Amino acid sequence: QVQLVESGGGLVQAGGSLRLSCAASGGTFSNYVMGWFRQAPGKEREPVASIRWNGYSTYYAESGKGRFTISRDNTRNTAYLQIDSLKPEDTAVYYCAARNVRLANDSYWGQGTQVTVSS
(Lines give C-alpha, C1' and ligand atoms only; values in the text may rest on other atoms or scores of the structure.)
Protein backbone atom coordinates (compact mmCIF):
# COMPACT_ATOMS: atom_id res chain seq x y z
CA GLN A 1 0.00 0.00 0.00
CA VAL A 2 1.15 3.49 -0.88
CA GLN A 3 0.71 6.18 1.75
CA LEU A 4 0.39 9.84 0.76
CA VAL A 5 0.63 12.69 3.28
CA GLU A 6 -0.07 16.28 2.24
CA SER A 7 1.19 19.35 4.06
CA GLY A 8 1.67 23.06 3.51
CA GLY A 9 -1.90 24.31 3.56
CA GLY A 10 -3.05 27.20 5.69
CA LEU A 11 -4.68 30.61 5.80
CA VAL A 12 -3.30 33.09 3.27
CA GLN A 13 -4.35 36.52 2.06
CA ALA A 14 -5.39 36.94 -1.56
CA GLY A 15 -2.35 37.48 -3.75
CA GLY A 16 -0.11 35.35 -1.57
CA SER A 17 1.53 32.02 -2.32
CA LEU A 18 1.64 28.51 -0.90
CA ARG A 19 3.71 25.44 -1.63
CA LEU A 20 1.92 22.18 -0.92
CA SER A 21 3.89 18.97 -0.44
CA CYS A 22 2.89 15.33 -0.85
CA ALA A 23 5.22 12.79 0.75
CA ALA A 24 4.86 9.23 -0.55
CA SER A 25 5.91 5.97 1.06
CA GLY A 26 5.30 2.25 0.60
CA GLY A 27 5.83 2.08 -3.17
CA THR A 28 8.21 2.87 -5.99
CA PHE A 29 7.55 6.57 -6.47
CA SER A 30 8.68 6.71 -10.09
CA ASN A 31 6.02 4.13 -11.05
CA TYR A 32 3.25 6.65 -10.41
CA VAL A 33 1.75 9.61 -12.16
CA MET A 34 1.16 12.22 -9.45
CA GLY A 35 -1.71 14.65 -9.34
CA TRP A 36 -3.44 17.27 -7.24
CA PHE A 37 -7.19 17.68 -6.84
CA ARG A 38 -9.28 20.10 -4.82
CA GLN A 39 -12.76 20.16 -3.37
CA ALA A 40 -14.43 23.42 -2.38
CA PRO A 41 -17.44 23.55 -0.05
CA GLY A 42 -20.56 22.42 -1.89
CA LYS A 43 -18.65 21.40 -5.02
CA GLU A 44 -17.35 18.17 -6.50
CA ARG A 45 -13.69 17.23 -6.32
CA GLU A 46 -11.90 18.51 -9.41
CA PRO A 47 -8.47 17.91 -10.93
CA VAL A 48 -5.94 20.71 -10.60
CA ALA A 49 -2.69 19.39 -12.05
CA SER A 50 -0.78 16.20 -12.82
CA ILE A 51 2.79 15.28 -13.70
CA ARG A 52 4.35 12.39 -15.57
CA TRP A 53 6.61 9.96 -13.71
CA ASN A 54 9.77 11.60 -15.03
CA GLY A 55 8.49 15.17 -14.65
CA TYR A 56 8.82 16.03 -18.33
CA SER A 57 5.14 16.59 -19.04
CA THR A 58 2.44 18.26 -16.99
CA TYR A 59 -1.26 18.98 -17.12
CA TYR A 60 -3.11 21.94 -15.64
CA ALA A 61 -6.78 22.66 -15.32
CA GLU A 62 -7.85 25.96 -16.83
CA SER A 63 -8.31 27.48 -13.38
CA GLY A 64 -4.66 26.84 -12.53
CA LYS A 65 -2.88 27.78 -15.73
CA GLY A 66 -0.37 30.55 -15.12
CA ARG A 67 -0.67 30.35 -11.32
CA PHE A 68 -0.14 26.68 -10.39
CA THR A 69 3.08 24.74 -10.85
CA ILE A 70 3.32 21.01 -10.21
CA SER A 71 6.69 19.35 -9.71
CA ARG A 72 8.20 16.21 -8.24
CA ASP A 73 11.44 15.04 -6.72
CA ASN A 74 11.79 11.30 -7.20
CA THR A 75 14.85 11.24 -4.96
CA ARG A 76 12.79 12.60 -2.06
CA ASN A 77 9.59 10.72 -3.03
CA THR A 78 7.70 13.99 -2.91
CA ALA A 79 5.35 15.90 -5.21
CA TYR A 80 4.68 19.61 -4.90
CA LEU A 81 2.08 22.14 -5.92
CA GLN A 82 3.17 25.78 -5.98
CA ILE A 83 0.22 28.16 -5.99
CA ASP A 84 0.86 31.82 -6.74
CA SER A 85 -1.51 34.79 -6.80
CA LEU A 86 -4.02 33.00 -4.63
CA LYS A 87 -7.67 33.96 -5.00
CA PRO A 88 -10.56 33.45 -2.57
CA GLU A 89 -12.07 30.96 -5.03
CA ASP A 90 -8.99 28.77 -4.53
CA THR A 91 -10.24 27.98 -1.03
CA ALA A 92 -10.65 24.20 -0.85
CA VAL A 93 -9.26 21.00 0.55
CA TYR A 94 -6.37 19.97 -1.70
CA TYR A 95 -5.74 16.26 -2.19
CA CYS A 96 -2.69 14.48 -3.52
CA ALA A 97 -3.22 11.40 -5.70
CA ALA A 98 -1.00 8.70 -7.19
CA ARG A 99 -1.80 6.39 -10.12
CA ASN A 100 0.37 3.50 -11.26
CA VAL A 101 1.65 4.01 -14.80
CA ARG A 102 0.90 0.37 -15.69
CA LEU A 103 -2.03 -0.48 -13.39
CA ALA A 104 -4.93 1.96 -13.35
CA ASN A 105 -6.51 0.29 -10.31
CA ASP A 106 -3.33 0.84 -8.28
CA SER A 107 -4.22 4.36 -7.18
CA TYR A 108 -4.25 6.23 -3.88
CA TRP A 109 -5.42 9.41 -2.17
CA GLY A 110 -3.91 11.47 0.58
CA GLN A 111 -5.92 12.83 3.51
CA GLY A 112 -6.03 16.39 2.17
CA THR A 113 -4.76 19.75 3.36
CA GLN A 114 -6.94 22.82 3.83
CA VAL A 115 -6.17 25.98 1.86
CA THR A 116 -8.11 29.07 2.89
CA VAL A 117 -7.67 32.36 1.04
CA SER A 118 -9.00 35.53 2.63
CA SER A 119 -9.83 38.74 0.82
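Here the structure is a predicted model, which is why all the values come from computation and not from measurement. In what follows, residues are counted from 1 in the order of the sequence shown.
At least one side-chain heavy atom of Tyr32 sits under 4.5 Å from a side-chain heavy atom of Asp106. Residues Asn31 and Arg102 form a side-chain contact, since some pair of their non-hydrogen atoms from C-beta on lies under 4.5 Å apart. A 4.5 Å side-chain heavy-atom check between Val115 and Leu20 finds at least one atom pair inside the cut-off.
Of the inter-residue distances, the one linking Leu81 atom CG with Arg38 atom CZ reads 9.5 Å to the nearest 0.5 angstrom. In this structure, the separation between OG on Ser57 and CD1 on Ile51 is 7.5 Å, given to the nearest 0.5 Å. For the atom pair OG (Ser119) and CG (Leu86), the distance works out to 12.5 Å, reported to the nearest 0.5 Å.
Atom CZ of Arg99 is surrounded by 12 or fewer heavy atoms from other residues, nucleotides or ligands within 6.0 Å. Other residues, nucleotides and ligands contribute over 12 non-hydrogen atoms within 6.0 Å of the CD atom of Glu89.
Looking only at distances, a side-chain donor or acceptor of Glu6 sits under 3.5 Å from a matching main-chain atom of Cys96. With hydrogens and angles ignored, the 3.5 Å screen pairs no side-chain donor or acceptor of Asp90 with any backbone N or O of Ser63. Between the Tyr60 side chain and the Ile70 main chain, a donor and an acceptor come within less than 3.5 Å of each other. When atom types are taken as modelled, the side chain of Arg67 and the backbone of Ser85 share a donor-acceptor pair closer than 3.5 angstrom. Using a distance-only test at 3.5 Å, with no hydrogens or angles considered, no donor-acceptor pair links the side chain of Ser30 to the main chain of Trp53. In this structure a side-chain-to-backbone donor-acceptor pair under 3.5 Å is present from Arg72 to Arg52.
The side chain to side chain contact (heavy atoms under 4.5 Å, CB included) with Val48 is formed by just one residue from the set Phe68, Tyr95, Tyr59; it is Phe68.
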